[in-house]
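Below, chains carry the letters A, B, ... as their sequence lines are ordered, and counting in each starts from 1.
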Protein chains: 2
Amino acid sequence: MAARRDTAALAPVENVTLWERVYTHLREQILDNTLPPGTVLSEVPLAASLGVSRGPIREALGRLAAEGLVTVRPRRGAVVSALTHEEFMQAYQVREALETLAIRLAVPNLTDDDVDRIDAIVDRQVLALGRDDIDGFFVLNSSFHQLFVDVSRNTTLQDMYRQLIGHMGRYQMRSVALRGTVRRSVAEHRAIARACRARDAGRAERLLRNHIRVPQRTLEAASHEEVVLKR
Amino acid sequence: MAARRDTAALAPVENVTLWERVYTHLREQILDNTLPPGTVLSEVPLAASLGVSRGPIREALGRLAAEGLVTVRPRRGAVVSALTHEEFMQAYQVREALETLAIRLAVPNLTDDDVDRIDAIVDRQVLALGRDDIDGFFVLNSSFHQLFVDVSRNTTLQDMYRQLIGHMGRYQMRSVALRGTVRRSVAEHRAIARACRARDAGRAERLLRNHIRVPQRTLEAASHEEVVLKR
DNA sequence: CGAATGTCTGTTGTCAACAGTTGGCGATGG
DNA sequence: CCATCGCCAACTGTTGACAACAGACATTCG
């Protein structure tokens, strides 16, 4: 009974419509790279494998296309879209703009709990690094950056950031001296956390901007082959 | 050849699919405020009035919903969405971030022709102002800001800006000493144009940021009623 | 008289079928 | 042997119909 209440409470009506479930399912698969870029998404096989009709499939594909995760060429079907090296760099520039805005807006809103939460994330990153849990590290990294967007209380910003991360989140650096970069990244997070505790928005913004520019500069010189897919 | 390439690039086969035409049609009507916020968009009447089935209507509404121009509550239909005063202010913050990024990226790319084009826009704004053509003024204003986004050559930025303008473009200030603000706006455009001709990205960015913040500050004090719909 | 409940209508969500188009594959001619 | 033309298969775009749900209204019971 308790368990039933939990599931009910966590998901009041967990995705009412069919196409929403299809959309969520496909979106997760794309972001997990279970469906790597270039995969063709034909409606009939999808409908068959998911046990629904083509209607909800079309609706879900339409939403994913509007989000930019798949591209559909009329009469030619949908394929999971990929970012070129150049587009990825451009997305990084937008990310810098959005995140610096986010932290500028967020710092004045930060509660003491929020600041503690930031520190906790960085602490857990150190732990994850200690046991070579790279995947866990990246999850925490996302949480760190997402937190400021959430606290900014700017819904437009939140929507756009979600969309942007949907494009970029699939790619992760593998080579380029990952270990060293990662340690430096944690140190920068720590510095940003300190600026947040001091409620110094300007300093936090400056630190975050430089923090984001590090991989941006590294990538600038690297070829596309060095930016590989997760897993 | 150049002309043919232009028209071909602008409209290769003027909207192949039905739902695209429906989407474009509805989008224009919403942006023109022919369909003001709050209008309910029922599928059957729309399908009847446009002479198509419900399928393309649904697809178009889905895209508009993904873009945020309409909100659909499952089983309750679609409604043209409105921005609250607060959301509008938040959108302005995002716009500031995106446009400052745009001009920073654009200035190094500016050709001499581009600079001439900027001056031409400002010149025409002066003319429009001289004959009290407020609507024309606002169109030119949009062109001015759009130009930097175009020249930035950042497709992610362009997509997001298009989406943002879709949300904000429907609203226009009417009261709040419009005339005086407009004259000041042109002067600021002129200053930005000068910075562009000098290829001074930093100065252009600073001027643009302040330029965007003017209506932002004015709106901050104003109530929502003073931000009325175009026409 | 007020509140709860049952019905009823209008709408959306979903499905299966039809038609048009695209791209590939093979046949034919040079 | 290569290029061109025409057919075929598969897929998408579109349609109309069916079923389920949300809200409104009227009815009934406390």
Side-chain angles (χ1 to χ4, degrees), chain A residues 7-8 11-30 35-82, chain B residues 8-9 11-30 35-82:
Chain A
T7 54
V13 270
E14 186 101 44
N15 280 358
V16 191
T17 65
L18 258 188
W19 72 261
E20 275 183 83
R21 275 188 285 189
V22 175
Y23 165 79
T24 305
H25 180 73
L26 288 179
R27 188 171 202 272
E28 283 174 3
Q29 299 237 343
I30 292 175
L35 297 172
T39 308
V40 291
L41 300 174
S42 298
E43 298 176 4
V44 177
L46 270 180
S49 82
L50 296 181
V52 297
S53 178
R54 276 180 52 214
I57 301 286
R58 283 181 68 81
E59 209 119 353
L61 286 180
R63 296 299 268 252
L64 290 171
E67 213 173 330
L69 284 180
V70 308
T71 59
V72 327
R73 293 166 316 198
R75 315 263 178 199
R76 296 251 310 155
V79 296
V80 180
S81 56
Chain B
V13 191
E14 190 102 46
N15 279 357
V16 192
T17 66
L18 257 189
W19 72 261
E20 275 183 84
R21 275 188 284 187
V22 175
Y23 165 79
T24 305
H25 180 74
L26 288 179
R27 189 170 201 274
E28 282 174 3
Q29 299 238 340
I30 292 175
L35 296 172
T39 307
V40 291
L41 299 175
S42 299
E43 297 176 3
V44 176
L46 269 181
S49 82
L50 295 181
V52 297
S53 179
R54 274 180 53 213
I57 301 286
R58 284 181 69 80
E59 209 120 350
L61 288 180
R63 296 298 268 254
L64 291 171
E67 215 172 328
L69 285 180
V70 309
T71 58
V72 318
R73 293 164 319 196
R75 316 262 179 199
R76 295 249 312 158
V79 181
V80 179
S81 55

- Message: Which heavy atom of B/P74 sits nearest to which heavy atom of A/E20, and what is that distance?
- Response: CG-OE2, 4.1 Å
- How does protein reach along nucleotides 5-17 of chain C, written 5' to 3' as B (base within reach of a heavy atom under 4.0 Å), S (only sugar-phosphate), or - (no contact)? -------BBBBBB
- How close do B/S81 and B/V70 get, heavy atom to heavy atom, and via which atoms? OG-N, 3.7 Å
- Query: So which heavy atom on B/R63 is nearest to which on A/A66, and how close?
  - Reply: NE-CB, 3.7 Å
- Which pair of heavy atoms, one from B/W19 and one from B/A60, lies closest together, and at what distance? O-CB, 3.8 Å
- Task: Answer whether the closest heavy-atom distance between the side chains of B/L26 and B/L61 falls below 4.5 Å.
- Result: yes
